[in-house]
Amino acid sequence: MEGNARLLITCTDRPGIVAAVSGFLTQYGGNITELDQHTTDPDRGSFFMRVAFRIRDAEPPAHWLKTEFRQEVAEPFGMDWQLSFTTEHKRTAILVSRPNHALLELLWRWSRRELPAALTGVISNHPDHREPVEGFGLPYRHIPMEQGGQQAAEAAMLEQLRDWRVDLVVLARYMRILSPSFIAHYPSRIINIHHSFLPAFAGADPYRQAFERGVKLIGATAHYATSELDAGPVIDQDVIRVSHRDDVAHLRERGREVERSVLARAVRWHLEDRIAVWGNRTVVFGT
Ligand SMILES: Nc1nc2c(c(=O)[nH]1)N[C@@H](CN(C=O)c1ccc(C(=O)N[C@@H](CCC(=O)O)C(=O)O)cc1)CN2
């Protein structure tokens with residue numbers, strides 16, 4: 001049983017970190033329900049930890065704890081950290097182009113409360129999905145990307161994301177390359193699903209690339225989007241077996257199942273603060 005609060009911590013490794021964090025939580029009445037840590041290189045490397053705990057007075061969330069933790073633990077240990085409460089869902093927007101399978105997977109899981117997100121709405125460069133999105137009670141913004149109009153379109157997208165006070169952006173098969181300045185607004189907070197087992201077949205039309213290479217496995221990769229296309233920190237991947245009997249259309253059809261499950265898992269892990277970014281890699285806790 002997870003607690004009602006969680007800490008995600010990254011810092012330079014040194015003795016006493018776990019004791020300092022657990023001692024702090026004990027002092028302020030926190031009861032640890034889950035603790036996971038990873039050290040890259042004892043005494044010199046990086047230290048990562050995720051602690052889930054129950055804290056009384058968490059309704060409303062005990063934001064006062066952030067001040068105390070910063071002063072008593074985070075600053076003395078030089079930590080990068082975040083403290084979140086399970087009642088506060090991350091405000092999440094979905095960007096999509098024409099393929100709708102990843103979008104519908106997220107909407108369906110959200111509607112069944114299997115995805116702890118506060119969905120704010122959907123933005124697309126196509127009008128195709130207005131009806132199903134509004135059917136889920138969510139706003140739909142069609143912002144077309146006219147030829148040569150990327151800057152204007154991205155400005156409109158960023159304005160909408162600001163209006164929705166978005167924390168997390170999910171690219172559910174959004175098929176336009178985002179500019180470095182767009183990416184910079186949401187560092188490690190844009191999750192993309194790429195429809196190949198990266199690093200194989202980055203870029204456009206990976207299923208055709210896979211068919212022409214004659215591979216026996218295809219897959220999907222959820223990663224944080226960076227300014228370098230399909231090269232950001234990998235969050236989750238999976239593969240399925242294929243054969244000479246599968247043409248490109250069949251690869252696309254069979255690949256959609258993997259894309260949907262990999263993206264949903266990656267988004268849920270981010271929403272549950274299970275992912276620490278370490279350079280161009282991730283540490284994913286408790287999965
Ligand atoms: N800055 C980033 N933007 C996007 C990323 C990313 O990792 N960093 N991922 C893509 C999604 N994607 C694959 O998953 C992808 C989308 C589009 C293309 C592509 O080449 N599209 C067009 C060119 C469109 C354009 O120039 O904007 C094409 O087919 O030629 C490749 C991969 C989403 N954005």
Side-chain angles (χ1 to χ4, degrees), residues 92-106 122-126 128-129 141-158 160-161 166 168-213 215 217-240 248-249 251-267 270 275 277 279-282:
T92 303
I94 301 172
L95 273 55
V96 64
S97 289
R98 280 229 153 84
N100 66 355
H101 55 286
L103 166 68
L104 293 177
E105 182 74 19
L106 295 178
V122 175
I123 297 173
S124 178
N125 54 326
H126 296 284
D128 306 26
H129 312 304
R141 277 292 312 274
H142 171 212
I143 301 178
M145 185 83 74
E146 309 301 347
Q147 195 62 30
Q150 176 174 9
Q151 191 171 356
E154 287 193 354
M157 291 159 67
L158 287 170
Q160 181 62 75
L161 295 172
V166 165
L168 173 66
V169 178
V170 180
L171 307 182
R173 292 299 296 282
Y174 179 73
M175 303 311 286
R176 304 300 301 194
I177 299 171
L178 295 166
S179 68
S181 61
F182 186 103
I183 297 284
H185 283 83
Y186 295 93
S188 299
R189 292 189 292 136
I190 301 176
I191 295 177
N192 178 58
I193 183 68
H194 181 71
H195 35 314
S196 82
F197 185 55
L198 288 174
F201 312 137
D205 208 352
Y207 290 125
R208 175 162 302 282
Q209 295 181 59
F211 175 77
E212 288 167 1
R213 183 66 186 78
V215 297
L217 289 173
I218 60 169
T221 302
H223 63 92
Y224 288 114
T226 58
S227 52
E228 187 182 351
L229 185 65
D230 300 332
V234 171
I235 301 169
D236 191 33
Q237 299 182 288
D238 203 350
V239 294
I240 54 170
V248 176
L251 293 182
R252 288 195 178 109
E253 178 188 340
R254 298 190 59 200
R256 282 194 284 268
E257 179 62 36
V258 191
E259 293 173 49
R260 288 161 45 195
S261 59
V262 167
L263 179 60
R265 215 163 32 226
V267 171
H270 181 96
I275 307 169
V277 176
N280 202 39
R281 313 152 73 109
T282 62

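Atoms within each ligand, like the ligands themselves, are counted from 1 in listed order. These values consider heavy atoms only, across backbone and side chains, with no hydrogens, waters or symmetry-generated copies.
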Atoms of ligand 1 under 4.0 Å from any heavy atom of Ile193, numbered from 1 in the order shown, are 14 (O)
The answer for which part of Phe182 has a heavy atom under 4.0 Å from ligand 1 is neither
Closest to atom 29 (O) of ligand 1 among protein heavy atoms sits Ala204 CB, 3.7 Å
Closest heavy-atom pair, Ala202 versus Gln209, reported as atoms and distance to 0.1 Å, is O-NE2, 3.2 Å
min-distance protein heavy atom vs atom 5 (C) of ligand 1 -> Leu229 CD1, 3.5 Å
*For Tyr174, is at least one N or O under 3.5 Å away from an N or O on ligand 1?*
no
When rounded to the nearest 0.5 Å, the distance separating CZ of Arg176 from CE of Met157 is 10.5 Å
among protein heavy atoms, the one nearest atom 21 (N) of ligand 1 is Met175 O, 3.8 Å
Step by step, would you call Asp238 with Arg260 a salt bridge (charged side-chain N to carboxylate O under 4.0 Å, His left out)? CA-CA 11 Å; Asp238 203 350; Arg260 288 161 45 195; over 6 Å; no
| Taking the side chain as C-beta and beyond, is there a heavy-atom pair between Leu103 and His129 under 4.5 Å? | yes
For Ile275 and Ile235 the tightest heavy-atom approach is CD1-CG2, 3.5 Å
Atom 8 (N) of ligand 1: closest protein heavy atom, distance to 0.1 Å, is Thr226 O, 2.9 Å
min-distance protein heavy atom vs atom 26 (O) of ligand 1 -> Ile177 CD1, 4.0 Å
Can you find a non-hydrogen atom of Gly203 under 4.0 Å from ligand 1? yes
Practice task
Please answer whether the main-chain N or O of Ala264 pairs with a side-chain N or O of Glu105 as donor and acceptor at a distance below 3.5 Å.
Solution key: no
ask   = Is a donor on one side and an acceptor on the other found under 3.5 Å between the side chain of Thr221 and the backbone of Ser196?
value = yes
Any heavy atom of Leu178 under 4.0 Å from ligand 1? The part involved is both
So for Asp205 against ligand 1, with non-hydrogen atoms under 4.0 Å, the contacting part is neither
Of Ile94, Thr92, Leu95, the one forming a side-chain contact (heavy atoms from CB on, under 4.5 Å) with Val169 is Leu95
For Glu146 and Pro144 the tightest heavy-atom approach is OE2-CB, 3.3 Å
The atoms of ligand 1 lying under 4.0 Å from a heavy atom of Ile183, numbered in the order shown, are 1 (N)
Can you confirm whether Gln151 is buried at CD, in the sense that more than 12 heavy atoms of other residues, nucleotides or ligands lie under 6.0 Å from that atom? no
To atom 24 (C) of ligand 1, the nearest of Arg176, His223, Gln150, Met145 on a heavy-atom basis is Arg176
Judged by heavy atoms only, the candidate from His194, Glu228, Arg173 nearest atom 14 (O) of ligand 1 is His194
Quick check: His195 and ligand 1, any N/O pair under 3.5 Å apart? no
Within 4.0 Å of some non-hydrogen atom of Asp230, the atoms of ligand 1 are 6 (C), 7 (O), 9 (N), 12 (N), 13 (C), 14 (O), 32 (C)
